Trainee: 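Can you keep this structure in mind? I'll have questions shortly.
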Amino acid sequence: MIETIKLSKTYKGKKAVDEINIYLDEGESVGLLGPNGAGKSTTISMISSLLKPTSGDVKLDGKSTIKNPAEIRKVLGVVPQEIALYEELSAYENLKFFGEIYKVKKNVLEQRIQDVLDMVGLKERQKELVKTFSGGMKRRVNIAAALLHNPKILVLDEPTVGIDPQSRNHILETVRKLNEENGTTVLYTSHYMEEVEQLCKRVYIMDHGKVVASGSKAELLSILSSEDTIRVNLSETSDELIKKIKSLEYIRLVDETSEGIRIICKKGANILGDLVRAAESERIQLTNYQMETPSLEDVFLHLTGRTLRD
Ligand SMILES: Nc1ncnc2c1ncn2[C@@H]1O[C@H](COP(=O)(O)OP(=O)(O)OP(=O)(O)O)[C@@H](O)[C@H]1O
């Protein structure tokens, strides 16, 4: 359905997106996961034909959208990170305005506005001014606006950042329903691993403008099949202790957590004895030790040496 070919964007000599090749099949829900600055927004702006690539192409059903952006605009709805709404207008009036901009036919616009308000759970509050809404409710109006022209493809740029849990759950549920029940193709960008795990069948992991891995959750986790992840709680941590642990030859990564450290090491390494000795020599107590089932977060850490929120 959609395919990017060596898609790139350079800002003042710096590559924000570097030759990425991704595709979306009809009806899929695909995640674009990466930390701040990885290039996710730039990528989806180019896919949505809001931003011109420096090089490469975006194809819709085999045809370049760069030469002909009108086609993709018809079938794609985009929910940007910034909330672009008129505060002095009601939710309904905002949607009416966007519907006219998107050239939704007059005879269906009323019904579409009611349908999309229903999808995002704001039907009862449509007459209220947007300026009285919480950040999460505003984001829901934004999603409703992107759905007005009944797009086949919905692209969302970190739609749950900085909003209340109730709106967050609502948004996740709306996106899930659109994909599973309406068959809408979804491209969902986030730096929240659990959202992508929950919503997306396939994931691209981005870092520094490049796709560093892709596949289903199971495929991505298999990257870690040669490793164990261990969570260790400590009475305190010290740089010296972390240095000692890092120096053990079978250690791949040590990452500080709120309660201690997380270690990725070669599978089957006999680490406990070494850990206890290192902690004792620093007069630090080891209060808990637990093998973890690896998550996509660990895959990210393994691939980039950083956590998603670094
Ligand atoms: N208009 C611009 N001019 C110059 N540099 C830019 C511009 N937009 C983005 N960048 C840079 O490009 C890189 C990728 O940014 P982008 O916003 O695409 O990342 P992101 O993964 O979406 O992160 P975030 O979640 O913070 O938006 C960053 O280094 C950013 O500073």
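As the structure lists them, so they are numbered: ligands from 1, and atoms in each ligand from 1. If you're wondering where the values come from, they're calculated on a predicted model, not measured in any experiment.
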Trainee: Above 12 or not: heavy atoms from other molecules or residues under 6.0 Å from CD of E173?
Mentor: yes
Trainee: So which heavy atom in the protein is nearest atom 19 (O) of ligand 1, and how far is it from that ligand atom?
Mentor: G39 N, 3.1 Å
Trainee: Please report which non-hydrogen protein atom sits nearest to atom 17 (O) of ligand 1, along with the residue it belongs to and the distance in Å to one decimal place.
Mentor: S41 CB, 3.7 Å
Trainee: Does M206 approach ligand 1 within less than 4.0 angstrom via side chain, backbone, both or neither, non-hydrogen atoms only?
Mentor: neither
Trainee: Touching ligand 1 at all, K9? Heavy atoms, strictly under 4.0 Å?
Mentor: no
Trainee: What is the closest protein heavy atom to atom 12 (O) of ligand 1, and at what distance does it sit?
Mentor: A16 CB, 3.2 Å
Trainee: Taking a cutoff of less than 4.0 Å between a non-hydrogen atom of the residue and any ligand atom, is P35 in contact with ligand 1?
Mentor: yes
Trainee: Answer with yes or no whether the hydrophobic clustering places V212 together with L296; edges join I, L, V, M, F, W, Y residues whose side-chain heavy atoms lie under 4.5 Å apart.
Mentor: yes
Trainee: Side chain or backbone of K14 under 4.0 Å from ligand 1, or both, or neither, by non-hydrogen atoms?
Mentor: side chain
Trainee: For ligand 1, which atoms have a heavy atom of K40 less than 4.0 angstrom away?
Mentor: 18 (O), 19 (O), 20 (P), 21 (O), 22 (O), 23 (O), 25 (O)
Trainee: Please work out which of the three classes, parallel, tilted or perpendicular, describes the rings of F97 and Y86, given edges at 30° and 60°.
Mentor: perpendicular
Trainee: Could you identify the single nearest non-hydrogen protein atom to atom 16 (P) of ligand 1 and state the distance to 0.1 Å?
Mentor: T42 OG1, 3.6 Å
Trainee: Answer yes or no: does atom CG of D239 have more than 12 heavy-atom neighbours from other residues, nucleotides or ligands under 6.0 Å?
Mentor: no
Trainee: Does ligand 1 have a heavy atom under 4.0 Å from the side chain of H191, from its backbone, from both, or from neither?
Mentor: neither
Trainee: May I ask you to check if R140 and F133 form a cation-pi contact, with NZ or CZ under 6.0 angstrom from the six-membered ring centre and within 45° of the axis?
Mentor: no
Trainee: Counting non-hydrogen protein atoms only, what is the nearest one to atom 24 (P) of ligand 1? Give residue, atom name and distance.
Mentor: G37 N, 3.7 Å
Trainee: Take E227 and R252, measure what salt bridge (Lys or Arg N to Asp or Glu O under 4.0 Å) needs, and give me the verdict at the end.
Mentor: CA-CA 9 Å; E227 296 177 343; R252 300 249 163 95; 2.8 Å; yes
Trainee: Which protein non-hydrogen atom lies closest to atom 25 (O) of ligand 1, naming both residue and atom, and how far is it?
Mentor: E158 OE2, 2.6 Å
Trainee: Does atom 30 (C) of ligand 1 have a protein heavy-atom neighbour under 4.0 Å away?
Mentor: no
Trainee: Can you name the atoms of ligand 1, numbered from 1 with element, that are less than 4.0 Å from a heavy atom of Q81?
Mentor: 25 (O), 27 (O)
Trainee: If you have a sec, work out which protein heavy atom is nearest atom 9 (C) of ligand 1 and how many Å separate them, to one decimal?
Mentor: Y11 CE1, 3.5 Å
Trainee: I'd like to check which ligand 1 atoms, numbered from 1 as shown, lie under 4.0 Å from a non-hydrogen atom of A38.
Mentor: 19 (O), 20 (P), 21 (O)
Trainee: Hydrophobic clusters here meaning ILVMFWY residues chained together by side-chain heavy-atom distances under 4.5 Å, can you tell me if L7 and V155 are in one?
Mentor: yes
Trainee: Could you tell me how the ring of Y23 sits relative to the ring of Y204: parallel (under 30°), tilted (30 to 60°) or perpendicular (over 60°)?
Mentor: perpendicular
Trainee: Under 4.5 Å between any side-chain heavy atoms of C265 and D228, yes or no?
Mentor: yes
Trainee: For the CG atom of L32 and the CD1 atom of I205, what is their distance to the nearest 0.5 Å?
Mentor: 10.5 Å
